[in-house]
Trainee: 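Sharing a structure here in structure tokens format.
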Amino acid sequence: YIFLFFQEKMLDSAFNIDFGYLEGICRGFKNGILKQTDYLNLVQCETLDDLKLHLQSTDYGNFLANEASPLQVSVIDDKLREKLVAEFQHVRNHAVEPLTLFLDYITYGYMIDNIVLLITGALHQRPISELMPKCHPLGTFEQIEAINVASTSVELYNAVLVDTPLAEFFGECISEQDLDELNIEIIRNTLYKAYLESFYNYCQSLGGATADVMCEILAFEADRRAFIITLNSFGTELSKEDRSKLYPTCGKLYPDGLAALARADDPENVKQVAEFYAEYRALFEGAGNNPGDKTLEDKFFEHEVKLNVNAFLQQFHYGVFYAYLKLKEQECRNIVWISECIAQKHRAKIDNYIPIL
Amino acid sequence: MSEDLDKLDNLAVLRLELMDELIAAKKDLENFLREGYFLLGKSRYIMGVNAVSMLQVPIEDDNISSGFYTTVSKEPLSEMPSLTNHLFNIHIREDREESKDKVVEEKEVSLRKRKSESKLDDSEKEEVEVVKKENNPLNWFNALPPQSLRKAQEYFKKAIIKSVECATIQSKLNALNG
């Protein structure tokens, strides 16, 4: 009875019974994230083979050893991801409830991306054998290959998604319309909105430090999506009402900010909406479209990294697993960016990576 | 005699000028292409490496038509009317322009029927959007493309136009050779 009481309150000391090993290993992985000195070495490489050599002295080791030269950027990206996936699977295999559900929630995001990749590929008549290797390994599920049979969203739901965890996120986007690029994008964003809100509610129900850390991160994710969707929709066929249905409501912008964004007509309006929120005002002020400025997406990535690093300041919560995954992804993006700059011999912006530690 | 010498001088100077123009045009072309590919790399950074790749490019050619076409005509070389060179011109594909006319007509009709201002705004937007929807390869990658992808497309378009200019200057040089 006392044990159940401990479980409910999730006292710090009770956390380690089930999750001490996993949190420890996660923090160990986190210490292997590339530091500023590593990045300085990478930036000075002249060729991708140099880069491979420098990565051998980091936690990545010989991960590119069996790849044929000349190396390609997409191969580097795939291999970086493989290592991350192996680490995540290890943690997932050793987890028990409620951490298993938490980790599963993280994978739903990748499932949504994979679905969109496969449908877009099918729309462009690509064979499934070409598309499957490009799917994110964390987002696979059993019926995933049946996706290219679907040509409307009703078929997609009935044939494939109804048995997956994503079924509950499908909600309103079912329609008889054929899947074209805009519909696919609407489906992606609607699914993601439902997923984000569900994840947010789940984290809140967990309470304690997990809720503290995760709800802040997820609120920022929701707001960032609202801003980016609005900015990217200018000049496309997406109507304002359709656009406002894609905004996740679990962020700070809900409800007034989202209503204002729904009315926005140009990037200036969006910036004015951001003026009302201190952190977002700072992000918009530092960004610009002139060469030499940081873009808004860069500022968002930076802020995300800051929030994820702060997650490690508290102990005994699940947020460290999420934060570790996201930080490693940013590291992958950094390495791929540096590789592209080296491969294209365009070194002007090679320092635009975001340092993590 | 001195006339002939003058002519020779003029020809030589003309040739050097054309070579200079050609080199400058080729440099611009290279720059546009470099910037375009760089911005593609930036889009991959934002959207993920697999979101901007050959997977998004359609295989079947039926639905794809190019947005530009070129015409060739002969014209006399401006400084030396006795020689002729090929003039390469680049045009936006006609059926796109046709659809633009069609929608402009609709807009005029709705102006006459003018019921409310909002209707006018809608049809104005329609004009812009119809032109942009048809065959825009930008939408292959994402229906809501980020700024970097749009800028990349602009750079590649500029590169196409520049390459046609290079062809014209090259044919002028060839004319001088003959």
Side-chain angles (χ1 to χ4, degrees), chain A residues 73-74 76-78 81 113 116-117 120-121 123-127 130-131 133-136 180-186 188-189 228-239 243 246 267 289 291 295-298 300-301 332-334 336-337 339-341 343-346 348-349 352-353, chain B residues 30-64 118 121-122 124-155:
Chain A
V73 178
S74 54
I76 296 181
D77 181 65
D78 284 339
R81 184 178 307 148
D113 284 336
V116 170
L117 183 78
T120 316
L123 191 68
H124 295 143
Q125 293 95 31
R126 293 275 163 183
E130 219 181 303
L131 297 168
K134 293 293 173 183
C135 284
H136 199 293
D180 67 1
E181 278 105 1
L182 187 61
N183 283 342
I184 293 174
E185 203 52 36
I186 291 179
R188 182 217 300 265
N189 285 306
I228 296 283
I229 289 174
T230 315
L231 285 170
N232 288 346
S233 69
F234 297 137
T236 68
E237 305 172 317
L238 192 64
S239 70
R243 182 173 86 203
L246 304 177
N289 274 329
T295 63
L296 188 63
E297 283 99 351
D298 283 331
F300 280 147
F301 279 132
C332 289
R333 271 197 290 269
N334 285 344
V336 166
W337 173 254
S339 314
E340 283 255 20
C341 287
Q344 289 187 21
K345 301 200 189 333
H346 198 306
K349 299 255 179 105
N352 271 10
Y353 61 88
Chain B
E30 198 190 302
N31 267 344
F32 289 149
L33 283 176
R34 240 166 79 104
E35 287 298 315
Y37 280 120
F38 187 70
L39 284 166
L40 273 188
K42 182 93 198 174
S43 310
R44 281 192 201 104
Y45 178 79
I46 296 172
M47 291 162 55
V49 174
N50 292 329
V52 183
S53 68
M54 282 308 289
L55 291 179
Q56 279 78 23
V57 177
I59 295 185
E60 273 181 19
D61 295 322
D62 295 351
N63 293 335
I64 306 179
S118 58
D121 287 342
D122 281 340
E124 266 177 10
K125 266 184 215 142
E126 237 178 67
E127 176 191 315
V128 174
E129 272 146 17
V130 166
V131 170
K132 280 192 179 146
K133 177 189 178 180
E134 289 184 11
N135 278 339
N136 190 350
L138 196 58
N139 290 330
W140 293 343
F141 301 101
N142 193 326
L144 300 176
Q147 277 294 72
S148 48
L149 207 56
R150 295 184 209 212
K151 276 196 211 158
Q153 191 186 41
E154 278 173 28
Y155 272 114

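The model shown is predicted, which means the values in this text are computed figures rather than measured ones. Here is the naming used below: chain letters follow the sequence lines, and residue numbers restart at 1 for every chain.
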Trainee: Quick check on the interface: out of B:Ile46, B:Leu149, B:Leu55, who has the most heavy-atom pairs with chain A under 4.5 Å?
Mentor: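 Of the options given, most contacts go to B:Leu55.
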Trainee: Relative to chain B, which of A:Gln344, A:Lys345, A:Glu340, A:Glu297 shows the most heavy atom pairs under 4.5 Å?
Mentor: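 Looking at each option in turn, the highest pair count goes to A:Gln344.
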Trainee: Given a strict heavy-atom distance threshold of 4.5 Å, which part of A:Phe301 is in contact with chain B: side chain, backbone, both, or neither?
Mentor: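 When you check distances to chain B, only side chain atoms of A:Phe301 fall under 4.5 Å.
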Trainee: Is chain B contacted by the side chain of A:Cys135, its backbone, both, or neither, given a heavy-atom distance below 4.5 Å?
Mentor: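 The answer is neither part of A:Cys135.
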Trainee: Top residue by heavy-atom pair count (under 4.5 Å) with chain A, among B:Gln147, B:Glu35, B:Arg44, B:Lys42?
Mentor: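 Heavy-atom pairs under 4.5 Å are most numerous for B:Lys42.
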Trainee: Checking the side chain of A:Arg126 only, and the main-chain atoms of B:Val57 only, is there a donor and an acceptor separated by less than 3.5 Å?
Mentor: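 Looks like yes, one N/O pair under 3.5 Å.
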Trainee: Check the angle between the aromatic planes of B:Phe38 and A:His346 and answer parallel, tilted or perpendicular using the 30° and 60° thresholds.
Mentor: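 Plane angle under 30°, so parallel.
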Trainee: Restricting to non-hydrogen atoms, name the atom on A:Asn352 and the atom on B:Tyr45 that form the minimum distance, rounded to 0.1 Å.
Mentor: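 Nearest heavy atoms, A:Asn352 then B:Tyr45: O-OH, 4.3 Å.
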Trainee: Does any backbone or side-chain atom of B:Lys151 lie under 4.5 Å from a heavy atom of chain A? Answer side chain, backbone, both or neither.
Mentor: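 Looking at B:Lys151, just its side chain touches chain A.
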Trainee: Under 4.5 Å between any side-chain heavy atoms of A:Thr120 and B:Trp140, yes or no?
Mentor: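 Heavy-atom side-chain distance check fails, nothing below 4.5 Å.
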Trainee: Under the 3.5 angstrom rule, does the side chain of A:Asp77 hit a backbone N or O of B:Val49 as a donor-acceptor pair?
Mentor: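 Not confirmed, A:Asp77 side chain does not pair with B:Val49 backbone.
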Trainee: What part of A:Asn183 is in contact with chain B, defined as an atom under 4.5 angstrom from a non-hydrogen atom: side chain, backbone, both or neither?
Mentor: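 Answer is neither: A:Asn183 stays 4.5 Å or more from chain B.
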Trainee: Would you say B:Tyr155 has more than 12 foreign heavy atoms packed within less than 6.0 Å of its OH?
Mentor: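 Open.
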Trainee: Which atoms of A:Ser233 are under 4.5 Å from chain B, going by heavy atoms: the side chain, the backbone, both sets, or neither?
Mentor: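 Both backbone and side chain of A:Ser233 come within 4.5 Å of chain B.
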Trainee: Under 4.5 Å between any side-chain heavy atoms of A:Asn189 and B:Leu144, yes or no?
Mentor: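 Side chain of A:Asn189 against side chain of B:Leu144, heavy atoms only: contact under 4.5 Å found.
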Trainee: Check each atom of A:Leu117 against the heavy atoms of chain B and say whether the ones under 4.5 Å are side chain, backbone, both or neither.
Mentor: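 It is the side chain, since no backbone atom gets that close.
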Trainee: Side chain, backbone, both or neither: which part of A:Arg243 has a heavy atom under 4.5 Å from chain B?
Mentor: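 When you check distances to chain B, no heavy atom of A:Arg243 falls under 4.5 Å.
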